[in-house]
Structure formats: C-alpha cells, structure tokens
Amino acid sequence: MGVPAFEGPPWVCMDCAARNDAAGNCARCGEGPLVDARDALVRKTLRDQDDERGRKRSRTLIVAAAAIGSIFGLPCLLLFGEVLGLVVVVLLAAGIYGVLRLTFSLKPRFGDVQP
C-alpha cells in the first residue's frame, strides 16, 4: 500500500492552516467551516493555494528588487552609458531579488499535504 496522502488530523482550516480532529469551526482561529484533507480535490486546492501565495510573494519581491535596483543603478546608468548601465541595473536588481528571496523565504502552509 502507498504512503497516506495526509497524516495527522484530517480537518484543515484554510485561513490559518491549523489541523483539527473534528469538523466544524477552527479551534485556533474560530473560522470555518473546515475542509477534509482526505479528499483529493481538497488536497489539490490546498496545494494550489500555497502555489498562489508563492507566486504573489515572488511578484512582490521582483517589484521591490526592480525599484531598489533602479534607484541605486541610476548613477551607473549615468556613469557607464545606456547599454552598460542597463546591464549593471539588471544585474543589480537580480542580485537584490536573490537576497530578498533568501531573506524573506516563504514556508508552505500546507507542505505536508501530498497531491
């Protein structure tokens, strides 16, 4: 037999990601109703929600890195000319994005839910 799709309490709160033993409202945050993680469609929805949170975080970090890179790269643009200056700005923004991504890493809320 395969690995179980979900270990632990089967009822999950989509708001705070708490695991609960019984259906109803969440014991931690009081929101409800809880979803049953034993259902394949629910597990897919939980994973999709984590993926969407990751995409949203990446977009936010890209915008922040581009803004910071363009502010600090403007002197390079003026000093080195258009082509080399733009290369420096893009490389600076990419480096800033990497640092921001490491600094503000996103832990999946439903990482223990298997598809």
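As a basis for the values below, the full set of heavy atoms in this structure was taken, side chains included, without hydrogen atoms, waters or symmetry mates.
Ion pairing between a basic and an acidic side chain is recognised when a charged N comes within 4.0 Å of a carboxylate O; Arg109 and Glu52 show no such pairing. Checked for salt-bridge contact, Asp51 and Arg47 miss the test: no charged N lies under 4.0 Å from a carboxylate O.
With hydrophobic clusters built from ILVMFWY side chains whose heavy atoms lie under 4.5 angstrom apart, Leu77 does not share a cluster with Phe80. Under the 4.5 Å side-chain heavy-atom criterion for Ile, Leu, Val, Met, Phe, Trp and Tyr, Tyr97 and Phe72 are members of the same hydrophobic cluster. In the hydrophobic cluster analysis, where Ile, Leu, Val, Met, Phe, Trp and Tyr join through side-chain heavy atoms closer than 4.5 angstrom, Leu61 is grouped apart from Ile71. When hydrophobic clusters are built by joining Ile, Leu, Val, Met, Phe, Trp and Tyr residues whose side-chain heavy atoms come closer than 4.5 Å, directly or via intermediates, Ile62 is not grouped with Val89. Follow the hydrophobic side-chain contacts under 4.5 Å out from Leu86 and you reach Leu74 in the same cluster.
Gly30 approaches Asn25 most closely through the heavy-atom pair O-CB, 3.8 Å. Closest heavy-atom contact between Asn20 and Ala27: OD1-N, 3.1 Å. The nearest pair of heavy atoms linking Arg38 to Pro10 is NE-CB, 3.5 Å. Ala37 and Arg43 make their closest contact through O-CG, 3.0 Å (heavy atoms, listed as atom of the first residue, atom of the second, distance). Scanning both residues, Ala93 and Ala65, for their nearest heavy atoms gives O-CB, 3.5 Å.
Residue Lys56 holds its NZ atom at 7.0 Å from OG1 of Thr60, rounded to the nearest 0.5 Å. Between the CG atom of Leu41 and the CG atom of Leu46 there is a distance of 9.5 Å, given to the nearest 0.5 Å. Atom-to-atom distance recorded for Arg101:CZ and Ile96:CD1 is 16.0 Å, nearest 0.5 angstrom. The structure places CG of Leu34 at 9.5 Å from CG of Asp15, a figure rounded to the nearest 0.5 Å. Note that the CZ atom of Phe110 and the CE atom of Met14 stand 6.0 Å from one another [nearest 0.5 Å].
Screening Leu84, Val88, Leu92 for a side chain to side chain contact (heavy atoms under 4.5 Å, CB included) with Cys76, the sole residue that qualifies is Val88.
Remark: side-chain polar atoms of Arg19 are not paired, donor with acceptor, to backbone N or O of Trp11 under 3.5 angstrom. A distance-only check finds no donor-acceptor pair linking the side chain of Arg55 to the backbone of Arg53 [under 3.5 Å]. Side-chain atoms of Asp50 do not come within 3.5 Å of backbone N or O of Pro108 as any donor-acceptor pair. Between the side chain of Asp36 and the backbone N or O of Val42, no donor-acceptor pair lies under 3.5 Å.
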